[in-house]
Visitor: 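Following this message is one structure expressed as structure tokens.
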Amino acid sequence: MVYNSGTGEYKGFILKEEVFDAEMPQKTESIMCLGNGYMGVRSSNEEYVKEDSRGTYVAGTFNFMEGDEATELPNVPDVTNMLFTVGEETVSPDGNMANYEKTLNFKNGLLRRYFEWTSKDGKRLHLEFLRVVSLKDFHLICSKVNVTALDDCEIGLKSGIEGNVMHCAHFEPCGMNAANDVLQITAVTKESGIPFSVMTCHRFEINGVKIEPDFGVTSEHDLQIMANLAFSLKAGNTLTITKISNVFTGRDKERDGCDMPALVADASAHMASVKGRTLEDILEESAAEWDRRVWSVRDVKVDCDKEEYQLAVRFALYHLTIMAPVHDNRMNIGAKGLSGPGYKGHTFWDTEIFMLPYFIFTCPEEARSLIEYRYNSIGAARENAKKKGFEGAMFPWESAWLTDGEITPDKYKTGLQEHHITADVAVGVYYYYIVTGDEEFMERCGYELLFDTAKFWSSRLEYNAEKDIYEILCVIGPDEYKEDIDNNAYTNYLAQYNLQLAIHYYEKLKADRPEVYERLNEALGLDSAYAIWCDRVDKIYLPRENEDGLVPQDDTYLTLIDISRDGYVFSEHPHEVHEEVWKLGGLNKVMISKQADVMQLMYMFEDLFSAEVKKKNFYFYERRCIHDSSLSLSTYSALAADLGEKDTAITLFGRAAMIDMGPVMWSSHAGIHAASLGGIWQCVVLGFGGVRRYGENLRIEPNLPDNWNEVSTNIVWKGQTLALTVKQDGFTVKNLTGTKEVSILHKGELIPVGEALEIKY
Ligand code: BGC
């Protein structure tokens with residue numbers, strides 16, 4: 001990958017692949033994925049190549065396939081395909097090819113691919129492929145291909161809609177249609193019954209002059225419809241193909257539950273209105289939306305010694321935009337966004353703990369939609385609690401449909417034991433509330449979430465009469481290498497925090513908002529719940545540092561076999577480490593962690609332990625953590641920044657930044673790592689920029705790495721957009737909104753920002 005190929009206004013915005021890897025096309029399919037939050041379209045090459053895993057995923061359209069382990073997002077019939085032939089030979093970059101490049105421009109979402117190709121009998125072509133998925137018109141995909149012949153040649157093209165893609169057995173075909181230049185496939189998901197319509201329309205020009213070739217429509221199976229065309233090109237001629245496609249489903253917010261005829265009518269009307277458009281015009285409109293929603297308001301500018309760091313944070317902003325269905329609060333972000341089949345499109349704690357801070361601080365309305373998804377699924381969370389013998393709302397470790405409850409595949413114990421997710425949801429609500437002050441949201445959804453999650457925890461606690469404490473037994477903490485463990489520190493502290501929040505807001509509402517209190521008390525039985533919370537909250541067992549200054553991750557971690565991680569430390573293949581571990585009896589027997597656990601706690605709750613204890617634990621646990629989860633490095637990096645361990649922070653950040661964008665080809669096969677992208681933003685803005693919600697205040701305490709000159713970005717605090725610029729010798733904050741006074745906490749002092757504030761060290 002090349003990280004510094006953009007110039008002018010695109011400097012720091014372009015990711016480029018210069019060497020085509022026919023064995024691993026999935027890498028760029030994922031990391032150069034296009035999308036808009038409604039759908040994600042993997043950036044597969046137009047022509048099929050070996051190991052191709054093309055995919056189009058529409059948020060929230062889950063379907064359960066007989067025999068599968070859980071509901072998943074179906075892969076929609078593909079419209080990106082275009083197969084060129086010269087004589088009998090297929091044009092493909094794994095043939096006789098030169099000057100290949102594939103680039104994604106984060107600024108406007110344009111995917112471009114170029115290569116020069118020579119057939120076995122010496123016919124030369126130059127091919128340029130352009131593609132965009134509109135950020136403005138969620139249903140619209142546009143491709144444009146310029147094929148320039150350097151020799152006279154006969155070119156064949158097969159292009160259309162292909163439903164024979166991986167994971168396509170979700171669909172029952174309903175019909176296909178070829179009306180003039182428009183092709184259409186309709187299908188319905190077999191179990192969830194969601195109607196889909198996929199349409200595509202081709203336009204052709206030679207040297208800019210429109211031509212109308214014979215379409216030769218064929219179909220080899222029920223989910224395929226193809227145009228088969230032939231063109232005679234003279235040397236020097238350029239054939240241009242514009243392929244405009246749309247995707248509509250019965251799950252779309254505006255047409256929820258509609259039947260197929262209504263869907264087809266909408267899709268057809270849309271196609272009629274867009275089929276005459278050009279790629280340039282669609283791109284311009286979409287780029288303006290990129291600018292409005294992202295680059296003009298929440299870009300993070302990094303001036304430092306390595307260009308890949310600037311690119312990495314924009315890579316994160318780009319993907320966080322295309323993966324998040326923030327237009328529809330019935331949906332949430334999947335662990336791989338909409339960029340691949342990994343984790344089946346399911347939502348985890350990744351949203352609340354890794355991505356939500358970014359949305360809260362940059363676009364609170366988008367954050368609210370993601371939290372409302374949790375609120376909208378509270379009924380299923382209550383059922384889930386009841387089914388497992390608990391009270392209140394128990395949020396599922398993995399979730400998809402609002403009504404699903406727990407949908408973690410049975411083969412994983414996480415669905416049964418990874419309970420911290422319920423407190424993570426509460427933490428997300430509180431974080432949102434403090435940063436925004438959105439009382440309306442709290443009264444409509446937020447307080448109920450805080451109270452019902454607290455009810456879950458008070459029923460989940462187990463009383464140890466001998467010690468007069470409450471414990472939480474048999475869980476999985478963030479470190480998923482350890483199953484069936486007791487008193488995971490992260491879980492216990494967060495459960496207590498959840499109860500403290502509920503107690504605090506119960507008292508506040510009762511005193512200040514009696515009508516709200518009455519309503520919620522009646523619905524949730526708050527008075528009796530409150531008595532239980534108060535009785536138990538201070539008796540929850542909270543692991544503290546031992547005589548060596550170490551905070552035990554759980555009751556047994558520090559008693560396990562301590563193996564040296566040296567030798568495996570930077571292994572790109574965690575399974576090599578695992579082999580060693582199996583010999584010792586398995587992951588539960590060895591002091592080795594998958595990801596940040598105690599460190600996650602220390603990062604999120606900075607006052608629980610002294611700086612000395614945190615530093616000691618940091619190095620202890622980091623040496624025993626193989627960062628086998630992409631959620632790990634960013635937490636360690638941001639915490640290291642907090643601790644003033646700048647070299648460690650930047651080393652870990654460098655690795656976090658390369659999880660998807662880096663040279664390891666297999667790392668992103670099944671999609672990008674959504675949480676790690678939220679983590680990259682956290683490292684730069686919260687870690688190095690030192691921005692933090694601290695209690696109920698906004699604190700700014702930068703920790704800029706030595707080779708970084710400047711970081712600048714905007715953050716939103718209580719409805720005021722603040723422009724922050726951090727340098728080595730100080731920082732400035734400007735209140736761009738200026739309708740409300742904001743103060744920041746710096747070095748323990750609350751300082752009013754006024755119009756602008758400059759702090760020099
Ligand atoms: C991690 C979890 C994470 C999940 C989805 C797992 O490998 O251990 O913490 O939620 O992936 O990203």
Side-chain angles (χ1 to χ4, degrees), residues 30 69-73 316 319-320 323-324 332-358 370 373-374 395-400 406-409 411-425 427-428 475-483 485 488-491 494 553-554 572-575 577-578 581 587-588 592-601 603-604 621 624-636 638 656 659-660 666-680 682:
S30 293
E69 51 191 17
T71 187
E72 70 178 358
L73 282 183
H319 278 284
L320 286 161
M323 71 170 75
N332 205 286
I333 306 176
K336 300 281 183 184
L338 296 167
S339 71
Y343 290 113
K344 299 178 179 292
H346 296 177
T347 294
F348 295 70
W349 73 315
D350 304 32
T351 296
E352 275 73 17
I353 302 302
F354 294 84
M355 294 181 270
L356 205 54
Y358 157 75
L370 295 169
Y373 166 84
R374 295 297 191 185
F395 281 92
W397 177 241
E398 294 188 27
S399 70
E406 185 59 73
I407 52 147
T408 306
K411 67 181 183 203
Y412 303 119
K413 276 193 174 173
T414 47
L416 295 173
Q417 297 188 354
E418 201 154 354
H419 294 173
H420 63 81
I421 176 80
T422 293
D424 301 329
V425 169
V427 166
V475 294
I476 295 176
D479 175 9
E480 294 182 349
Y481 282 175
K482 304 287 172 271
E483 298 177 337
I485 50 143
N488 167 254
Y490 178 90
T491 308
L494 263 81
Q553 182 174 301
D554 55 58
E572 283 161 359
H573 294 276
H575 62 257
V577 182
H578 292 186
V581 169
L587 290 163
N588 252 16
I592 194 159
S593 301
K594 181 180 185 186
Q595 64 201 94
D597 189 306
V598 176
M599 291 308 107
Q600 191 64 47
L601 176 70
Y603 168 57
M604 286 164 55
Y621 280 105
R624 287 157 184 81
C625 175
I626 60 169
H627 305 294
D628 184 10
S629 157
S630 65
L631 283 61
S632 191
L633 286 161
S634 58
T635 298
Y636 269 96
I659 287 173
D660 285 306
W666 48 262
S667 66
S668 314
H669 270 190
I672 52 77
H673 298 80
S676 105
L677 298 170
I680 288 174
Q682 288 199 39

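Remember, it's 1-based here, ligands and their atoms both numbered in the order they're listed.
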Visitor: Is the shortest distance from a Lys or Arg side-chain nitrogen in Arg374 or Glu352 to a carboxylate oxygen in the other one below 4.0 Å?
Guide: yes

Visitor: Kindly compute the distance separating CG (Asp628) from CG (Leu587), expressed to the nearest 0.5 Å.
Guide: 8.5 Å

Visitor: Just checking, is any N or O donor in the side chain of Tyr373 or Thr351 under 3.5 Å from an acceptor N or O on the other one?
Guide: no

Visitor: Is there a donor-acceptor contact under 3.5 Å linking the side chains of Asp597 and Tyr481?
Guide: no

Visitor: Working to the nearest 0.5 Å, report the span between CD of Gln553 and CG of Asn488.
Guide: 6.0 Å

Visitor: Of Phe395, Phe354, Trp397, which is the lone residue that meets ring-ring contact (aromatic ring centres under 6.0 Å, His included) with Phe348?
Guide: Trp397

Visitor: Kindly print each ligand 1 N/O atom paired with any protein N/O atom under 3.5 angstrom away, one pair per line, or none if nothing qualifies.
Guide:
residue, atom, partner, partner atom, Å
ligand 1, 7 (O), Tyr343, OH, 3.1
ligand 1, 7 (O), Lys594, NZ, 2.8
ligand 1, 8 (O), Glu480, OE1, 3.0
ligand 1, 8 (O), Lys594, NZ, 3.0
ligand 1, 8 (O), Gln595, OE1, 2.5
ligand 1, 9 (O), Trp349, NE1, 2.9
ligand 1, 9 (O), Gln595, NE2, 3.0
ligand 1, 10 (O), Trp349, NE1, 3.0
ligand 1, 10 (O), Asp350, OD1, 2.6
ligand 1, 11 (O), Tyr343, OH, 3.0
ligand 1, 12 (O), Asp350, OD2, 2.6

